[in-house]
There are 2 protein chains.
Amino acid sequence: MMEDNFIRLMKAQQKSPADEVINKIKELIESGELKPGDRLPAERKLASDFGFGRTHIREALQKLEFYGIVKTLPQSGTILNGLDINSLNGLLSDVLNLQSYDFYSLVETRCILEMNAIRLCAERRTEEDIEAMEKSHQNFIKFHNDEILRVSYDFAFHRNIAEGSHNPVIKSMLMTIIPDILIIYNKERVCNTDPFVVIKEHAEMINAVKMQNGELASSLLYQHVQGVMTLARTKLENLKVKSLSMA
Amino acid sequence: MMEDNFIRLMKAQQKSPADEVINKIKELIESGELKPGDRLPAERKLASDFGFGRTHIREALQKLEFYGIVKTLPQSGTILNGLDINSLNGLLSDVLNLQSYDFYSLVETRCILEMNAIRLCAERRTEEDIEAMEKSHQNFIKFHNDEILRVSYDFAFHRNIAEGSHNPVIKSMLMTIIPDILIIYNKERVCNTDPFVVIKEHAEMINAVKMQNGELASSLLYQHVQGVMTLARTKLENLKVKSLSMA
DNA sequence: TGTGTAATTTTGGTCAACCAATTAAACGGG
DNA sequence: CCCGTTTAATTGGTTGACCAAAATTACACA
């Protein structure tokens with residue numbers, strides 16, 4: 001496992017072709033040859049100029065579009081966004097320096113997003129949201145003896161919370177990080193929280209949401225995930241995951 | 001602009017080919033034909049079975065890999081993650097139901113992430129972090145009369161905060177949402193916060209970070225972004241942005 | 001019967017060519 | 001000279017073919 005991390009670290013240091021393309025685009029901007037708002041040279045031209053195939057060019061542009069740096073218009077071209085040079089350079093540096101992240105950062109960010117998701121859920125929840133949470137909770141109780149199913153319904157419960165926040169950005173972000181957490185959870189098999197404790201905590205959170213008490217719901221959620229936080233801090237502190245990007 | 005939103009809404013209802021592929025993969029899982037941990041049929045087979053080209057298959061798999069649902073191994077195949085059927089179905093439903101998001105959600109999430117980023121920055125900051133914040137702050141003062149440069153250095157300041165959190169997941173998430181916010185900011189040209197107010201707020205935040213006072217830093221950041229929050233709530237409430245996904 | 005090696009097949013990644021949408025240039029008439 | 005129409009060029013998206021790595025199968029020998 002340590003060897004795995006070493007190999008991944010080395011790979012991270014070898015830039016992918018797409019990252020090399022991004023670096024060259026960054027140089028075009030720094031040289032003034034490409035200005036904010038400009039259309040980029042055509043994919044074929046970039047391929048020829050940079051010495052990479054169009055597949056790598058397209059992968060690089062897709063990545064830049066994902067981060068809002070360019071906008072691709074079918075059959076029309078690719079436009080650099082209109083931010084100023086310093087901001088563009090900063091963003092491009094950040095894209096190029098995206099790191100693998102450690103499990104602790106993953107879990108810490110999940111905690112932050114979920115604490116706020118449940119606070120918003122308490123404020124904004126609908127009857128459907130409460131019913132969905134109740135249903136997941138009842139299913140958790142029903143299958144609390146089944147190690148796999150109870151994790152499944154715990155996860156469903158957390159998805160209900162995200163849904164109840166009525167903030168699609170928070171939902172989307174949680175979606176990108178929850179699967180990795182769950183996968184590592186299941187793989188390490190080190191979480192053995194008493195299901196009755198979970199049942200109690202779920203019930204308290206539902207009640208706080210019903211009462212529209214965001215602060216209470218938020219602090220209950222914080223307590224709820226302390227188990228994973230502690231786990232991440234002590235046993236899996238240096239566990240690397242993947243780069244949170246498309247490359 | 002209202003017409004723009006209408007057209008985008010209609011487009012959102014037409015599933016992309018990649019989403020149709022994802023839906024078919026979901027059906028394979030629901031039918032039991034594809035189980036957690038299984039290798040998916042080869043790309044060529046999926047293309048043939050589903051009636052889409054390999055480009056669309058690969059785009060769908062790339063999206064699923066981004067969300068942690070599958071793992072693609074070059075020259076070996078694509079593996080479905082080992083989560084249970086309910087969780088997989090839930091995740092796939094969420095992926096298929098990713099929505100366009102409104103500017104308010106974007107800004108609200110930014111506020112949440114940055115409040116926590118600066119709290120962590122106060123706890124974890126290094127001397128380099130403080131120096132970087134000071135430098136951005138000094139540049140903001142220097143160019144406070146230049147509308148473009150001061151936004152640029154304000155952005156640099158916020159990037160320093162993200163960097164100082166020492167949490168790559170938070171950094172990465174802020175990176176995906178900040179450009180859109182800045183672009184809309186510049187386009188709507190409706191923020192006219194007095195630069196001297198910003199200078200004062202920046203100085204207070206730096207001081208709180210120096211003092212390692214996370215709570216203070218967090219609440220100062222909250223005050224700092226209230227302008228954008230108010231703007232988002234009143235003037236741009238229904239402004240749709242893009243789908244926060246690769247499709 | 002088990003093991004090691006070689007051959008074959010399968011696989012995802014990449015490429016050049018082609019398709020169709022968009023833009024730019026050319027042309028003709030007023 | 002300007003404007004509308006037609007033609008040509010440019011563009012990103014898609015396709016089928018090819019490449020090389022990985023996995024599977026077949027075969028030979030102890």
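Chain identifiers are assigned alphabetically (A, B, ...) following the order of the sequence lines, protein sequences preceding nucleic acid strands; residue numbering begins at 1 within each chain. Here the structure is a predicted model, which is why all the values come from computation and not from measurement.
- Nearest nucleotide to the A:Arg44 side chain, out of C:dG12, D:dT11, D:dT15: D:dT11.
- In this structure, the ring-ring contact (aromatic ring centres under 6.0 Å, His included) partners of A:Phe157, at least two apart in sequence or on a different chain, are A:His202.
- Across the protein-nucleic acid pair, A:Lys71 atom NZ and D:dT11 atom P stand 19 Å apart, rounded to whole Å.
- Across the protein-nucleic acid pair, A:Glu43 atom CD and C:dA16 atom C1' stand 14 Å apart, rounded to whole Å.
- Spacing between atom CD1 of B:Ile57 and atom P of D:dT14 amounts to 12 Å, rounded to whole angstrom units.
- In this structure, the ring of A:Phe140 has its center no less than 6.0 angstrom from the ring center of A:Phe155.
- In this structure, the salt bridge (charged side-chain N to carboxylate O under 4.0 Å, His left out) partners of B:Lys45, at least two apart in sequence or on a different chain, are B:Asp49.
- Closest to the B:Arg58 side chain, of the nucleotides C:dT11, D:dG12, C:dG12, is C:dG12.
- You'll find that the side chain of B:Thr72 is closest to C:dG13, out of C:dC19, C:dG13, D:dT24.
- Atom-to-atom, CG of B:Leu73 to P of D:dT24 comes out at 12 Å; the value is rounded to the nearest Å.
- Atom CD in B:Glu59 sits about 7 Å away from atom P in D:dT14, given to the nearest Å.
- Of the charged side-chain nitrogens involved, at least one lies within less than 4.0 Å of a carboxylate oxygen, so that A:Asp19 and A:Lys63 count as a salt-bridged pair.
- If you find the closest nucleotide of DNA chain C to B:Arg54 and to A:Ser76, the one lying nearer the 5' end belongs to B:Arg54.
- Using five terminal pairs a side, the axes of the helix from C:dT1-D:dA30 to C:dG30-D:dC1 at its two ends make an angle of 10°, given in steps of 10 degrees.
- More than 12 heavy atoms of other shown residues, nucleotides or ligands fall within 6.0 angstrom of atom CG in A:Leu73.
- Per the geometry, CD belonging to B:Gln75 stands 8 Å off P belonging to D:dA21, to the nearest Å.
- B:Arg39 has a side-chain polar atom (N or O) that falls below the 4.0 Å cut-off from OP1 or OP2 of D:dT24.
- Straight-line distance from the CD atom of A:Gln62 to the P atom of D:dG12: 14 Å, rounded to whole Å.
- Base engagement by B:Thr55 is indicated by at least one non-hydrogen atom pair under 4.0 Å involving a base atom.
- Residue B:Arg58 holds its CZ atom at 4.5 Å from CD of B:Glu43, rounded to the nearest 0.5 Å.
- The CG-C1' distance, from A:Leu40 to D:dT10, rounds to 15 Å in whole Å.
- No hydrogens or angles considered: nothing links the side chains of A:Ser136 and A:Asn139 as a donor-acceptor pair under 3.5 Å.
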